[in-house]
Structures are given as structure tokens and as C-alpha cells.
Amino acid sequence: MKIYNTLKRKKENFEPSNPPKVTFYTCGPTVYDYFHIGNARSFIMADITRRYLIYKGYDVKFVMNITDIDDKLIKKANEQGRTFSEVAAEYTKAFLDDIEKLKIKKADVYPKATEHMEEIRSLIEKLESRERAYNVSGDVFYDVKKFEGYGKLSGKNTDDLEVGARIELNESKRNPLDFTLWKKAKENEPAWESKWGSGRPGWHIECSAMSTKHLGDTIDIHAGGNDLIFPHHENEIAQTEGATGKPFVKYWMHFGFLNIQNEKMSKSLGNFFTAREILKKYRAESIRLLFSQSHYSGPLNFSEELLESAEKGLQKIRNFVENINEGLAGNIPGEYTKFDFTQYYQQFEEVMDDDFDTPRAAAIMFDFVRDVNKHIVENDNLPAAFYQQAKIFMEKTAGEVLGIVSFDESKDNSNNSLEKELIELLIRLRQEAKNDKNYQLADKIRDELKSLGIVLKDSKTGTTYKKE
RNA sequence: GGCGGCGUGGCCAAGCGGUCUAAGGCGAAGGUCUGCAAAACCUUUAUUCAUCGGUUCGAAUCCGAUCGCCGCCUCCA
């Protein structure tokens with residue numbers, strides 16, 4: 001299995017430190033607002049990566065941090081006359097709700113910055129004792145010059161950065177590249193006590209402190225958006241390796257941006273949709289299919305047209321799942337070996353092993369759907385064993401890995417037995433009309449049911465219905 | 001200025017030295033089935049991979065140049 005490692009700028013064989021255990025850290029949200037669909041792409045692609053590792057038999061510990069203290073939070077709290085923790089609590093809940101709606105597996109731990117002050121302080125102290133940090137009257141900075149590997153992730157060298165950079169001028173820094181570990185509190189700002197005086201953590205230190213605490217000094221995979229490579233991840237390396245002297249991360253994975261009209265979707269440009277609004281109009285599975293259909297590392301130009309077409313593609317898969325369920329319900333006994341399922345598993349694993357090539361995995365999914373459908377068309381009375389195998393394949397790949405299909409959900413046609421009986425009554429009446437060649441009435445019944453969201457399907461064995 | 005990425009059919013998008021006259025999705029056209037639909041299936045829809053050169057027996061894939069687009073270097077997934 002291969003993963004493209006940003007640190008090495010090439011695909012590498014995936015060899016976790018302590019197989020079958022895999023430690024996986026992803027940068028989560030700053031909970032000052034709803035996250036947008038671009039953020040969702042990173043969360044979903046990390047989720048699919050994780051799910052595939054589980055599929056492969058790894059025992060994955062997955063940690064996603066929640067940044068619940070920072071400038072934006074304080075600003076929002078001030079604007080709304082609330083405390084920062086009220087704001088954080090509101091958006092943390094919203095985040096967890098939206099994540100669930102997107103069918104993203106819950107992380108094993110969602111550590112919060114405010115709950116790790118102890119770890120953050122002691123990490124800074126460690127850096128101080130190793131002379132990698134210095135205190136200037138209450139502000140503590142990281143001394144970038146003291147860390148040899150600085151720039152190894154982003155491919156930047158400190159000299160270039162110094163020349164062209166638009167880095168804020170800060171007289172107290174020894175070097176403009178030095179970044180804040182501990183920020184001295186201003187008046188009326190939330191603050192925590194420390195040996196340097198009251199203040200709060202800098203922008204990057206929480207990730208170092210929390211990943212070390214929950215996953216150990218060296219973690220297998222660390223993922224995040226492309227825009228985090230510099231400075232965030234670069235600084236995390238400096239902090240963690242500066243303190244432990246050990247390699248911080250084996251494999252760095254970075255997700256491409258979601259663009260709108262070829263521009264990065266971002267809060268500051270204002271060209272974003274929140275995941276929430278998108279979820280009101282489209283299924284989570286459609287979003288996941290759309291994201292699966294392009295590789296995680298490249299850009300994806302987002303538009304509603306694309307989502308529409310993903311929704312159509314998903315519909316094809318959902319119809320297929322229904323067909324499978326119907327076939328299964330037929331309960332025809334017997335063995336079945338005339339269809340080679342194993343080749344699809346092989347192909348699926350082959351492409352996913354190659355740096356999580358979900359576009360090809362999705363293509364295999366559609367091939368499978370077509371081939372099985374074709375097999376159904378060409379062979380009458382297939383036994384349940386055949387459908388069972390088809391179902392297992394879909395559950396394992398499209399279901400458990402890509403998260404675009406759910407067999408349980410498609411079964412709940414009839415949560416209301418009165419409703420069910422009424423629909424079946426109408427179907428019977430329509431059948432009578434059809435028998436009388438009263439197609440006008442038959443079509444009227446079908447059309448009216450359709451406008452209520454109930455779609456009828458005639459087949460040789462009778463009429464079935466589904467709710468849209 | 002430094003660093004990185006991208007340009008493949010009407011749209012999206014894989015492939016990254018031979019199996020490519022290029023996967024898959026959406027769309028479009030025709031057909032099978034059906035009373036008509038729906039679903040499903042079949043056929044067609046790029047001899048070509050931004051352009052121009054080069055390397056090679058062989059290039060969408062490697063190298064160089066050109067044009068166009070984007071990102072990071074400041075909070076950002």
C-alpha cells in the first residue's frame with residue numbers, strides 16, 4: 001500500500017510503526033462558525049482514508065482536534081456579547097452534528113485546546129529548557145534558527161522566506177519567522193496562568209501537545225488541507241521534534257482545495273457554502289461520491305451542477321441496491337459460482353492501495369453495478385446466494401469504505417403500516433384499471449402518487465414502489 | 001521574488017513510458033423491454049491528451065521552451 005508523503009514528495013510504501021496499529025491525526029475545525037463544504041472535503045477524504053485502513057485490517061486510532069480558543073473566537077464572542085466558551089460550545093455541537101450528517105465516522109478522540117493547557121505549558125517549558133523557545137516579557141516565541149529541519153515539509157528555506165515574506169513586524173522577535181508559542185493576555189481576554197504570566201497558547205502548539213498526548217511522540221499519519229503545510233504543519237514539526245528529538249510524523253497527507261470558479265473556497269473570499277446549506281439540498285452520499293470521483297490531492301472545482309450529476313450517479317447505485325434487496329427477498333435457494341466477485345475486490349484494493357485512488361475505486365463500483373445488473377438481466381431466477389454476495393461487496397466497498405451506500409436505509413420503505421396498506425390498495429386499484437385497459441386512470445394514479453414522492457415500478461412479477 | 005500544483009471528450013475526471021484508437025460519472029443520440037412509463041441492458045459519442053520542439057524502438061505519460069490557470073509564503077481544510 002502506498003501513500004504520497006508530502007515530506008518526501010513521493011509515494012512511499014505504507015509501513016506503520018507498530019502494525020496493526022495506526023495512529024492518525026487530522027487537523028479539525030476552529031469552532032467559531034459553521035464549516036464550509038471545502039472543509040468538508042478534507043474531513044471526508046480523511047474519513048475515507050481511515051475507513052480504508054480499517055478495511056485493510058489496521059487498528060486505527062483517529063484523533064481530530066477541536067480548536068476552541070483563538071483570535072476569531074474571541075472576536076466573535078465580543079461581537080455577540082458572549083463568552084468565547086459559549087461560542088465554542090455552540091459551534092462544536094454544530095460541527096459534530098454536521099460531521100454525523102456527512103456520514104463521517106466519529107473520531108476516537110476530539111481533544112480540545114482548552115482542555116490541554118497543562119500539556120501545552122509543559123511542552124513549551126520543554127522547548128524552553130532545550131533553548132528552542134525564548135520569553136520576551138510574557139510572549140514566548142519559537143526560535144526557528146535553532147531547529148535545523150525548519151522548512152523541510154514545505155520546501156522552503158529560511159533565507160527565501162526572510163527576503164520576500166510578508167511577515168508581520170514584531171520587534172520582540174529575534175527573527176521574523178519565529179512564531180508564538182504563548183501569547184500574553186491583553187485586557188479582557190480569556191487567559192490561563194503560566195510561569196510566563198497569564199496568556200493563551202499560540203496558533204500551532206495545541207496540535208503538537210494533543211497529538212503527542214493522545215498518539216505518542218511519533219505518529220503514522222498526519223493529514224490536513226494543503227494550506228496547512230506552511231506554516232501550521234511546518235511549525236508543528238519544529239515544536240514536536242524540537243521537544244522530543246524524535247521524528248514527529250511518518251506520512252504527511254495533504255488535501256487539495258475545493259474551488260469555486262477556479263478560486264479557492266474560503267471564508268475570507270466569501271465564496272463559500274456551508275456544509276449545512278448543501279446538506280439541506282443534497283444527500284451526504286452524493287457529496288461523498290462527488291469527492292470520491294476526484295483524487296484527494298488535486299483541486300476540485302465545485303458547483304451545484306457537479307453535485308446534481310453526482311446525485312444522478314448515486315441514484316443509479318441506490319437503484320442497484322434496491323434491486324439487490326429485492327432479489328434477496330426472493331429467497332431462491334441454491335449455491336452460485338457463475339459470477340466472479342473476487343476480481344472486483346482485487347481491483348478495488350489495487351487502486352485504493354495506490355494512494356487511495358478513489359476515482360478509480362468509484363469507477364470499479366460502477367463497473368460492478370453494470371456487470372451485476374447485466375447478469376441479472378441475462379439470467380432468470382438467480383438464487384439469493386448471488387444477491388447476497390453482491391450485497392456484501394457493496395457493503396464492504398461502497399458502504400464501509402466510501403460511505404456512499406447504506407443497505408439498512410433503503411429498506412425502510414414502510415415505517416407506517418397504514419400508509420403501506422393505502423399505497424398497496426392504490427396499486428391494486430391501478431392494476432384493475434390496467435386490466436380494463438383504462439390506462440388513463442392507471443397513469444393518473446401513478447402520476448399522483450409520484451407527486452407525493454411515491455414512485456411505482458411495473459415488472460413481470462408485479463408492481464413495486466419506493467419513496468423518494 | 002521563493003516554493004508547489006494544474007491544463008485529457010459537451011461538463012466532471014482517472015491514467016503518469018508499451019495492454020491508451022485513453023477508465024468511470026453526468027449529458028446527448030439510437031435501440032431492447034413496457035399499453036405508456038420507471039428501472040435495467042445494448043450501441044454510438046477523444047486515432048487524441050494546452051502549444052511547439054526534443055529524448056526513446058515506443059510518450060497523454062520523461063526533458064526543454066511557450067501560452068493559460070491556480071495555490072502557499074498572513075488566519076484558512
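In what follows, chains are A, B, ... by sequence order, proteins preceding strands, each numbered from 1.
- Salt bridge annotation for A:Lys103-A:Glu285: present, with a cationic side-chain nitrogen under 4.0 angstrom from a carboxylate oxygen.
- Relative to the side chain of A:Lys434, the nucleotides B:A40, B:G35, B:C76 differ in distance, and B:G35 lies closest.
- Salt bridge A:Asp98/A:Arg276: present, at least one basic N to carboxylate O contact under 4.0 Å.
- Separation of the C1' atoms belonging to B:A59 and B:C16 is 10 Å when rounded to the nearest angstrom.
- Pairing for B:G18 goes to B:C57, judged as Watson-Crick or G-U wobble with the two contacts each under 3.5 Å.
- Residue-level contact check: A:Ile364 touches neither bases nor backbone, having no heavy atom under 4.0 Å from any strand.
- Each of A:Glu305 and A:Ile317 was assigned the nucleotide of RNA chain B with the nearest heavy atom; the assignment lying further toward the 5' end belongs to A:Glu305.
- One can place CG of A:Asn226 at 12 Å from C1' of B:C6, the figure rounded to the nearest angstrom.
- Of the candidate nucleotides B:A37, B:C75, B:A23, B:A23 has the atom nearest to the side chain of A:Ala363.
- Here B:A39 presents its P atom at 13 Å from CG of A:Asp458, a figure rounded to the nearest Å.
- Test A:Asp70, A:Asp71, A:Asp139 against A:Lys183 for salt bridge (Lys or Arg N to Asp or Glu O under 4.0 Å) and you get one pass: A:Asp71.
- Within the nucleic acid shown, A:Asp443 comes within 4.0 Å of at least one base atom, counting heavy atoms only.
- In this structure, of B:C26, B:C72, B:C42, it is B:C26 that holds the atom nearest to the side chain of A:Ser309.
- Within the 4.0 angstrom heavy-atom criterion, no nucleotide atom of any strand lies near A:Phe255.
- Both geometric conditions, a ring-centre gap below 5.5 Å and a plane tilt below 30°, are fulfilled for A:Tyr439 over the base of B:G35.
- When heavy atoms are screened at a 4.0 angstrom cut-off, A:Gly313 is found touching the sugar-phosphate backbone but no base atom.
- Using a 4.0 Å cut-off between a side-chain N of Lys or Arg and a carboxylate O of Asp or Glu, A:Asp178 and A:Lys146 do not qualify as a salt bridge.
- The A:Phe257 side chain lies nearest to B:G71 when the options are B:C36, B:A13, B:G71.
- The NZ-P distance, from A:Lys316 to B:A38, rounds to 15 Å in whole Å.
- Within 4.0 Å of A:Gly256, counting heavy atoms only, lies at least one base atom of the nucleic acid.
- As rounded to the nearest Å, B:C73 and B:U56 have P atoms that lie 43 Å from one another.
- Summarising the base pairing, B:A23 is matched to no nucleotide, lacking a Watson-Crick or G-U wobble pair whose two defining distances lie under 3.5 Å.
- Across the protein-nucleic acid pair, A:Lys10 atom NZ and B:G4 atom C1' stand 18 Å apart, rounded to whole Å.
- A sub-4.0 Å separation between OP1 or OP2 of B:G24 and a side-chain N or O of A:Arg370 is present.
- Aromatic rings from A:Tyr251 and A:Phe14 are positioned such that their centres are separated by under 6.0 Å.
- Counting any heavy atom pair closer than 4.0 Å across all strands shown, A:His295 reaches sugar-phosphate atoms only and no base atom.
- Remark: B:G68 base-pairs with B:C6; criterion is Watson-Crick or G-U wobble with both hydrogen-bond distances under 3.5 Å.
- Following rounding to the nearest Å, A:Glu263 (CD) and B:G71 (P) show an atom-to-atom distance of 6 Å.
- You'll find a donor-acceptor pair under 3.5 Å spanning the side chain of A:Lys264 and the base of B:C76, going by distance alone.
- Between A:Lys466 and the phosphate of B:A39, there is no side-chain N or O to OP1/OP2 separation shorter than 4.0 Å.
- Comparing the C1' positions of B:U55 and B:G17 gives a spacing of 12 Å, expressed to the nearest Å.
- In a base pair of the Watson-Crick type (N1 to N3 plus N6-O4 or O6-N4) or a G-U wobble (N1-O2 and O6-N3), with each distance short of 3.5 Å, B:G1 is matched with B:C73.
- The base of B:A14 has none of its N or O atoms less than 3.5 Å from a complementary donor or acceptor on the side chain of A:Arg360.
- For the pair A:Pro231 and A:Leu306, nearest-nucleotide mapping onto RNA chain B gives the more 5' position to A:Leu306.
- Across all strands, A:Ser303 comes closer than 4.0 Å to no nucleic acid atom at all (heavy-atom distances).
- Applying the Watson-Crick and G-U wobble criteria (two distances, each under 3.5 Å), B:U32 pairs with B:A40.
- Separation of the P atoms belonging to B:C49 and B:A22 is 13 Å when rounded to the nearest angstrom.
- A salt bridge is absent between A:Lys396 and A:Glu400: the closest approach of a Lys/Arg side-chain nitrogen to an acidic carboxylate oxygen does not fall below 4.0 angstrom.
- Per the geometry, CG belonging to A:Asn65 stands 14 Å off C1' belonging to B:C76, to the nearest Å.
- With B:A38, B:A14, B:C26 as the candidates, the nucleotide lying closest to the side chain of A:Lys457 is B:A38.
- Comparing B:G15 with B:A23, their C1' atoms are spaced 8 Å from each other, to the whole Å.
- Atom NZ of A:Lys312 is separated from atom P of B:C26 by 9 Å (rounded to the nearest Å).
- The same atom, C1', is picked in B:C33 and in B:U43; the two are 16 Å apart, to the nearest Å.
- In this structure, A:Met265 reaches the bases: a heavy-atom distance under 4.0 Å links it to at least one base atom across the strands shown.
- One can place CG of A:Asn262 at 15 Å from P of B:C6, the figure rounded to the nearest angstrom.
- A:Leu258 comes within 4.0 angstrom of a nucleotide base, judged by non-hydrogen atoms across all strands.
- Under the 4.0 Å criterion applied to side-chain N and carboxylate O atoms, A:Glu234 and A:Lys152 are not assigned as salt-bridge partners.
- Note on A:Arg9: only backbone sugar-phosphate atoms sit closer than 4.0 angstrom, heavy atoms only; bases stay farther off.
- A:Asp367 comes within 4.0 angstrom of the backbone, heavy atoms only, and of no base.
- At a threshold of 4.0 Å, the pair A:Arg82-A:Glu90 counts as salt-bridged, since one of the basic side-chain nitrogens sits closer than that to a carboxylate oxygen.
- Rounded to the nearest Å, the gap between the C1' atom of B:U44 and that of B:G9 is 14 Å.
- Minimum atom distance to the side chain of A:Lys156 is reached by B:C73, of the listed B:C73, B:C70, B:G35.
- Between B:U47 and B:C26, the distance separating the two C1' atoms is 25 Å to the nearest Å.
- Using a 4.0 Å cut-off between charged side-chain N and carboxylate O, A:Arg50 and A:Asp108 make a salt bridge.
- Distances shown here put a side-chain N or O of A:Asn319 below 4.0 Å from the OP1 or OP2 atom of B:A40.
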